[in-house]
Structure formats: C-alpha cells, structure tokens
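First up is the structure itself, then whatever we jot down about it.
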2 protein chains.
Amino acid sequence: MADKTQARRTPLSRDRVLRAAVALADDVGIDSLSMRTLAQELGVVPMALYKHVSNKEELLGGMVDVIVGEIGSPEPAVDWKSAVRQRILAARRALLRHSWASRVIESRATPTPTVMAYMDSMIGMFLAGGLSVDLTHHVMHALGSRIFGFSQELFDAPRDLDPQRPALGEMTTRYPHIMQIASANHDRHSVVGSGCDDQFEFEFALDLLLDGFERLWRLGWSSTGHRADRL
Amino acid sequence: MADKTQARRTPLSRDRVLRAAVALADDVGIDSLSMRTLAQELGVVPMALYKHVSNKEELLGGMVDVIVGEIGSPEPAVDWKSAVRQRILAARRALLRHSWASRVIESRATPTPTVMAYMDSMIGMFLAGGLSVDLTHHVMHALGSRIFGFSQELFDAPRDLDPQRPALGEMTTRYPHIMQIASANHDRHSVVGSGCDDQFEFEFALDLLLDGFERLWRLGWSSTGHRADRL
DNA sequence: ACCTGAACACCGTTCAAGT
DNA sequence: ACCTGAACACCGTTCAAGT
C-alpha cells in the first residue's frame, strides 16, 4: 500500500519506466513482462506507459539501451586485440546480469542510437589498432553477437549423465558422438550434472577469432582479391 | 470452396500439418503463423491440430525438423575440413529457402531428436577426421548456430547512403566509423543501397574458424592445460 | 487538454456440451 | 468415444467518453 502511494507520487518518466522494466524482466523473466504487468508494477494504468514509450518494441529497445549503458567505456590497452577482448568480456559480464538481454538483443529489428554508438566505438578500436576499413568490416560480421558478449549456443552436452537412467543406453546408440563428448566432460568434472563451462567456451571461440583477425592483419589481407570475380 | 472440400477429404496427419505450417510461414511470415491461421489454411477447426501436435512449441519443433531434413546427408570428402564446410553451406542453402527458420531454431528451448541427430553427425565428421573428443567439443561450441548455416548478424553497414539525404551529415558526425565502412562498401559496389554480401561474410567467418580448428588440431591442442587451474 | 476505462482484435489452450 | 464450439485468460493497442 505504501509502495503504491510512493509510486503514484513519483512522476513517471521514460527512465523510470525503463528501469522498472529491466528490474521486472530480471525478476519474472522476459516472457512475463507485458505492458499490463509493467503498468501494475508501477502502480499506473497500462495506457500511462504509452506517453513514455510509443509501443512495446520501443520499450524493449530502451531496455537494451540500459544494459548497453552498463557495459561502460573501454579501458586503455596497449594493443587492439587485448583492448577488444577486455571490452567484449565486460559486455559479457553486463549481459550475464540480465539473462533475458541476449534474447531481446537478437530479436530486435533495428538498432537504437545507443547500440549504433556502441558498435561504432567497437569499430573505432580496430581502426585505431591499424586494421584496414575492409578487414574491420568483415571482422565485425565475423564477431556477430559476440560484440555484445554472447553467442548462439545451440550445442550443449547433456548435463544429466546418471548411468542409472534407463534412457542412457538408448541415447548412446542414437547419438554415439554426442555421448562421447558428454562422457569426456563428465569424467573431467567428476560431478554429475556439471554441463559445459560457458565462460571457457566463449573465450575459446573469441580468442580463436581474434587470433585469426591478427593473422590476417599481419598478412595485410584484403577482400578485394576474393570477391573480384563478383564485381 | 473446392479447396476446402479437398482439404476436408484428405485426412489430417502430423506430416501434412507440419508441411502446411512450413508453407504458410514461408508465405506470410512466422509472426502471422498462429494455430488459428494454420487451421484455417487446412480447412479445419483449431482444435483439430492438437491431435497431431501437442502444442505450438511442438509444432515449431516439427517445422524445424522439416527444414533439417532438407539439408541432406554429407557428401564424401577427402578431409574433415572440406566435408564440414560443404555440409554447413548445404545447411545454409536450406535455411535461406525459409527466412523464418533461423529465428525459430535459435528461439527453441530443447532440441528435437532430429536436431540431435544432425548435431551428432556433425560431431562424427570431426571425430572421423581425427580431431580429439576434447577439441571437437569446443569446436562445436565455437561454431554455435553456424552448424545450421546461419549466424547472429547484428552489424549491417547502412544500405542507404544517398548523399542527398539530410541525415547523412548527422550520421557521419555521430557514427564516424560505421560511416567509414559504409562508404568503402558503397564505393566498391558502385550502387546505392547494395548493403553487405551476406554469403561472403558467412564464408569469411566460417573459414576463419575452420582454419583455426585445423591449426589447433595440427598442434595437438588440448584444453586440459588451460582449465587445469579450475579443477 | 488531459487522462483512462472499456473495447477491439487478436492469441494459445481448456473444457464441457453435443453427436 | 469422438469432435468441436464456446469460453477462459491473456495480449498490445485504439478510441471515445469523462473530467
């Protein structure tokens, strides 16, 4: 009751709407965030939100902007590679605080100015390091969602490898190779249900890409040769 | 009218439901595919679908299975690298025929048996090539959604670079680095609005990763050294 | 002029009534 | 026993009525 009065007294603002939306998504999950539940949380009628965000799409865009704001500025570094690496891992830390964020970022159609600015500064780090405009372009594409600190993880070795489970035998005949990886993983951790080390996998792929970029950079690689036939 | 009678006469089956769903999504987009519109397309009442798919989640899973079925079997190849490369590019061709498919694949929570079998065969290609179980595990994570022939493309150089547009000047001051890439791209194609060459970008990143995997393989790389401190 | 309750046009899914 | 229309519990958003 006191909260509701408080909420009524504090005037709504775009910033307050966005922060409440982020907090609510953190709490109940992005699927349960609706214009109606958000309005209720703020103690206002649903329509009151539409004065601060033009629709739900724009609300989600604003929520992404809040998270991108949490990434912070790049730390000064000697070389472009470690500068980019540190920045991307900082982005990852920000994203991990909001489990819904990666799904919202990937589902959004057009980037907001804040997201554009983040991408622009990332490009700037490569160019400042001496990579050509051409190479930087392809590098940005190759990183894809990794610039924001996440990647599309479709593969996950089964967490549940209890040998007692009757389905295990069937799994091994149906997916022999997946089970090979799952067993190896299981042996290493010596704990049932440990799954994969997401942070390790992320850094493995990131470093593989960064090393590849560096190699092309040192070779003075350019795409013109590759695509000359298509011009 | 004739269509409706036809639809009524042909009995519903899970297969017919899934194929109709894929065709409808191709036509009107995934956002316009609902249990209700699909039922209407098939000339049945919405509830009739629930005898063949238990809910919408399962319908989407079945639709993904149809597309994965279109990928086909891997062609025999001399080395694992070109075998994997060909298979992934085949997957990409299948996905490009259904623009909604990548979004559905990435949004699905748990993989269907068909998807598991596809992943299993992909793992098998690396193992058959002589990569260790350990390396193959990390390789699968690093590829992520690329095993299905797509990647999360968040960066796209502006397609619309008409110098007449008044907003262009503002863009250049706000996002100088993005505009550098856009201009370079623009000069090369000599056509306004050409955008990026998605296929080139996909193969660029894929080859960078495959080259990296090959290098680690030749070096006899293993993750145990890297994660020894965490055990 | 401002605010907002009711309404609109949808969803996926349940369930009971009808055959 | 099977099928299905109506209903339920939601959506995002419009709009007109009330202040």
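Lettering of chains follows the sequences in order, A, B, ..., and the numbering in each one begins at 1. Predicted, not measured: the structure shown is a model, and the values here were computed from it.
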Between A/Arg108 and A/Glu57 (salt bridge meaning N to carboxylate O under 4.0 Å), is one present in this structure?
yes
For the pair made of CG in A/Leu12 and C1' in C/dT4, what is the distance, rounded to whole Å?
14 Å
Whole-Å P distance, C/dC8 and D/dG18
16 Å
N/O donor-acceptor pairs under 3.5 Å from side chains in residues 140-148 of chain A, not counting sequence neighbours:
unit_1   : atom_1 : unit_2   : atom_2 : d
A/His141 : ND1    : B/Glu153 : OE1    : 2.7
A/His141 : NE2    : A/His137 : NE2    : 3.2
A/Ser145 : OG     : A/Phe150 : O      : 3.2

Quick test of your reading of the model: are B/Arg97 and B/Asp26 salt-bridged, counting only N-O distances below 4.0 Å?
no
Any salt bridge linking A/Arg14 with A/Glu58? Criterion: basic side-chain nitrogen under 4.0 Å from a carboxylate oxygen.
yes
Which pairs pass ring pair (Phe, Tyr, Trp, His ring centres under 6.0 Å) with one or both residues in residues 88-107 of chain A, sequence neighbours excluded?
A/His98-A/Trp100
What is the distance, to the nearest angstrom, from the NE2 atom on B/His52 to the C1' atom on D/dT4?
15 Å
List the residues meeting ring-ring contact (aromatic ring centres under 6.0 Å, His included) with A/Phe126, not counting sequence neighbours, and say none if there are none.
A/Trp80
Across all chains, not counting sequence neighbours, the side-chain contact (heavy atoms from CB on, under 4.5 Å) partners of A/Thr112 are A/Asp65, A/Thr114, A/Val115
Do you see a donor-acceptor pair shorter than 3.5 Å between the side chains of A/Arg87 and A/Ser121?
yes
Its contact letters, B for base, S for sugar-phosphate only and - for none at protein heavy atoms under 4.0 Å, make nucleotides 8-19 of chain D read ---BBBBB----
Map every base of DNA chain D to its dot-bracket character, where paired means a Watson-Crick or G-U wobble contact with both distances under 3.5 Å and | marks a partner outside the strand.
||.|||||...|||||.||
